[in-house]
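These notes are about the structure you will find just below.
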Amino acid sequence: MHSSSRRNWIKKSALGIGAVAATPFTTWANRVVIANETNSTFLHPETFPFNEFTPPYILPEKPLAILAWNENPYGFSPMALEAINESTSKANRYGWQDLMGLKKVIAEKEGVNPSNIMLGPGSTDLLERTSVYCFRDGGNVISADPAYMSVISVAQASGATWKAIKLTENYEHDLEGMELAMDKETKLVYIANPNNPTGSKTNRNDLYEFCAKVSKKAPVFVDEAYLEFSKNGLEDSMVDLVKKGKNVIISRTFSKIYGMAGMRCGYIVAHEDLITELSNFTIPGFGISSPTIIAAQVALDDKEHLHKCRTDILEYRDITIKYLITKNINYIPSEANFVIFEINMDGTKFTEEMYNSGIVIRTFKFWDKTWCRVTIGTDDEMRVFFNAMDKIYRK
């Protein structure tokens, strides 16, 4: 790409993203119009708020069970906390050396070279940077309906269009439909597995064959933020395709199973040529603090803490599903750290009543139905949630 062209698209992209950051509510409203004009089948509430009632995150006089953002309720590794305390004395220095150390550890974990890794302040940041890169000259993005909206939001802000392909009857990605939707303007196929907000997972072998095939036409971004919570865990990762040189991008985050949502650290695994291209217009890892880098590296080694978090979360995910079954509530089978279920009452009213009972949840509207997505919390939090459901949910 010529330098003048590069400057032009970076300027265009920066303006688009700047507008998103500066005026989020105006931008959300504009995106509703865009989606309607392009006949998008689903206006995802991560981008287009569904509820008029927006509860405060925390009220000092009222303790809340925060079950809305798919965080790990057990926090991060005690070993990582100790490392953070020791590292703060060095926080006046940039963490380049520590960053390179973390990249090497991650590369070894993934079985790739450090040149295949890019770090960023959370995987969402890297999703959006990749979207800026892919849609600098427009095009279209293909994803599930519903889907996590970061890639799609930035693509639309950059002038791209969105092709939303509804999940199948068993809530997997419609891989055949997604392939048929591809054309010469397709710049990226985005797949979250497990999917957000549904928590459902697409068959590993089917997805592997799909990625290997369609990545010859356009890059495939597989977001594996919740994969550690699935039945087979990282065994079902698509990272082997990167090792084989396929045009596939894998993202992971320290925000979920590692319990570091507020510390912001994530990474992508991709072909080294793509990593180089992405690095040409951004400084990889610059937004990650030194204490976070050190904590992330230590957290990778604390297998005991990870195992306990996974075990406890999956136990209460099963308990939550059993509760929904006893109430005859329709739900989507989940392999993530949350469950989404149908509610037959106004979503705004439901959200407000749950909040007044001390609980923050998310409600969504898609497929002409209203849904509640609840993050799996601690024993105490889930008991509060079940009690509130008994009082609030309308048959």
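- Nearest heavy-atom pair across Cys309 and Gly75 is SG-O, 4.4 Å.
- Between the CZ atom in Arg362 and the CE atom in Met354 there is a gap of 14.0 Å [rounded to 0.5 Å].
- To the nearest 0.5 angstrom, Thr161 atom OG1 is 9.0 Å from Ile142 atom CD1.
- With hydrogens and angles disregarded, no donor-acceptor distance shorter than 3.5 Å links the side chain of His173 to the backbone of Ile165.
- Atom CD1 of residue Ile340 and atom CG of residue Asn330 lie 10.5 Å apart, to the nearest 0.5 angstrom.
- Contact detail for Val242 and His271: the closest heavy-atom pair is CG1-N, 4.0 Å.
- A salt bridge between Asp125 and Arg264 is absent, with no side-chain N of the basic residue lying under 4.0 Å from a carboxylate O of the acidic one.
- Judged purely by atom type and a 3.5 angstrom limit, Glu228 has no side-chain atom pairing as donor or acceptor with the backbone of Lys256.
- Ring-plane geometry between Trp367 and Tyr171 is classed as parallel, the angle between the planes falling under 30 degrees on a 0 to 90 degree scale with a further cut at 60.
- In this structure, Ile117 and Ile275 have side chains that are not in contact, with every pair of non-hydrogen atoms separated by 4.5 Å or more.
- Rounded to the nearest 0.5 Å, atoms CD (Glu304) and CG (Leu306) are 10.0 Å apart.
- Counting only distance, with no hydrogens or angles, the side chain of Ser131 and the backbone of Glu128 share no donor-acceptor pair below 3.5 Å.
- The one candidate from Val248, Ile250, Leu188, Val141 that meets the side-chain contact (heavy atoms from CB on, under 4.5 Å) condition with Phe221 is Leu188.
- For Asp240 and Lys244, the salt-bridge test fails: no basic side-chain N is under 4.0 Å from an acidic carboxylate O.
- Other residues, nucleotides and ligands contribute over 12 non-hydrogen atoms within 6.0 Å of the CD atom of Glu342.
- Thr292 places a side-chain N or O within 3.5 Å of a backbone atom of Met263 that can act as its donor or acceptor partner.
- Linking Ile, Leu, Val, Met, Phe, Trp and Tyr whenever their side-chain heavy atoms come within less than 4.5 Å puts Phe286 and Ile106 in one cluster.
- Scored by the side-chain hydrogen bond (donor to acceptor under 3.5 Å, both in side chains) test, Glu315 finds no partners at all (sequence neighbours excluded).
- Between the side chain of Asn232 and the backbone N or O of Glu235 there is no donor-acceptor pair closer than 3.5 Å.
- Between Phe366 and Phe364, the ring-plane angle classifies as perpendicular under the 30° and 60° cut-offs.
- Counting only heavy atoms from C-beta outward, the side chains of Phe135 and Gln156 never approach each other to under 4.5 Å.
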Next item on the list: Take Arg252 and Val239, measure what side-chain contact (heavy atoms from CB on, under 4.5 Å) needs, and give me the verdict at the end.
Entry: CA-CA 11 Å; Arg252 301 203 201 286; Val239 74; 4.0 Å; yes
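- Checking side-chain atoms of Glu335 against main-chain N and O of Lys231 turns up a donor-acceptor pair under 3.5 Å.
- Under the 3.5 Å distance criterion, the side-chain polar atoms of Asp302 are left unmatched by any main-chain donor or acceptor of Ala299.
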Item checked: From CA spacing to verdict: ring pair (Phe, Tyr, Trp, His ring centres under 6.0 Å), Tyr226, Phe338 -> CA-CA 10 Å; Tyr226 299 96; Phe338 57 87; 5.2 Å; yes
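- Tyr208 and Leu234 sit in two unconnected hydrophobic clusters of ILVMFWY residues. Membership requires side-chain heavy atoms under 4.5 Å apart, directly or through other members.
- A donor-acceptor contact shorter than 3.5 Å links the side chain of Asp183 to the backbone of Glu185.
- Between Leu175 and Ile191 there is a side-chain heavy-atom pair separated by less than 4.5 Å.
- By the salt bridge (charged side-chain N to carboxylate O under 4.0 Å, His left out) test, Glu172 pairs with no residue at all, sequence neighbours left out.
- In this structure, the side chain of Arg310 engages the main chain of Ser230 through a donor-acceptor pair within 3.5 Å.
- For the residue pair Asn195 and Ser200, no side-chain donor N or O sits within less than 3.5 Å of a side-chain acceptor on the partner.
- Asp174 and Thr168 share no donor-acceptor pair across their side chains, judged by distance under 3.5 Å alone.
- Applying the 6.0 Å contact sphere to OH of Tyr94 captures no more than 12 heavy atoms from other residues, nucleotides or ligands.
- Ile288 has its side chain out of reach of Leu102: every pair of non-hydrogen atoms, C-beta onward, lies at least 4.5 Å apart.
- Note that NZ of Lys303 and CE of Met79 are 9.0 Å apart. Values are rounded to the nearest 0.5 Å.
- At a threshold of 4.0 Å, the pair Asp380-Arg383 does not count as salt-bridged, since none of the basic side-chain nitrogens sits closer than that to a carboxylate oxygen.
- Side-chain contact between Asn72 and Asn337 is absent, with no heavy atoms from C-beta onward closer than 4.5 Å.
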For residues 209-216, which side-chain N or O atoms pair as donor and acceptor with protein atoms under 3.5 Å away, sequence neighbours left out?
residue : atom : partner : partner atom : Å
Lys213  : NZ   : Glu179  : OE2          : 3.1
Ser215  : OG   : Cys211  : O            : 2.6
Ser215  : OG   : Ala212  : O            : 3.4

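- Taking CG from Leu324 and CD1 from Ile332, the interatomic distance works out to 11.5 Å, rounded to the nearest 0.5 Å.
- Listed for the Thr130 side chain is a donor-acceptor partner under 3.5 Å among the backbone atoms of Leu126.
- Checked by atom type, the side-chain pair Asp390/Tyr323 shows a donor-acceptor distance below 3.5 Å.
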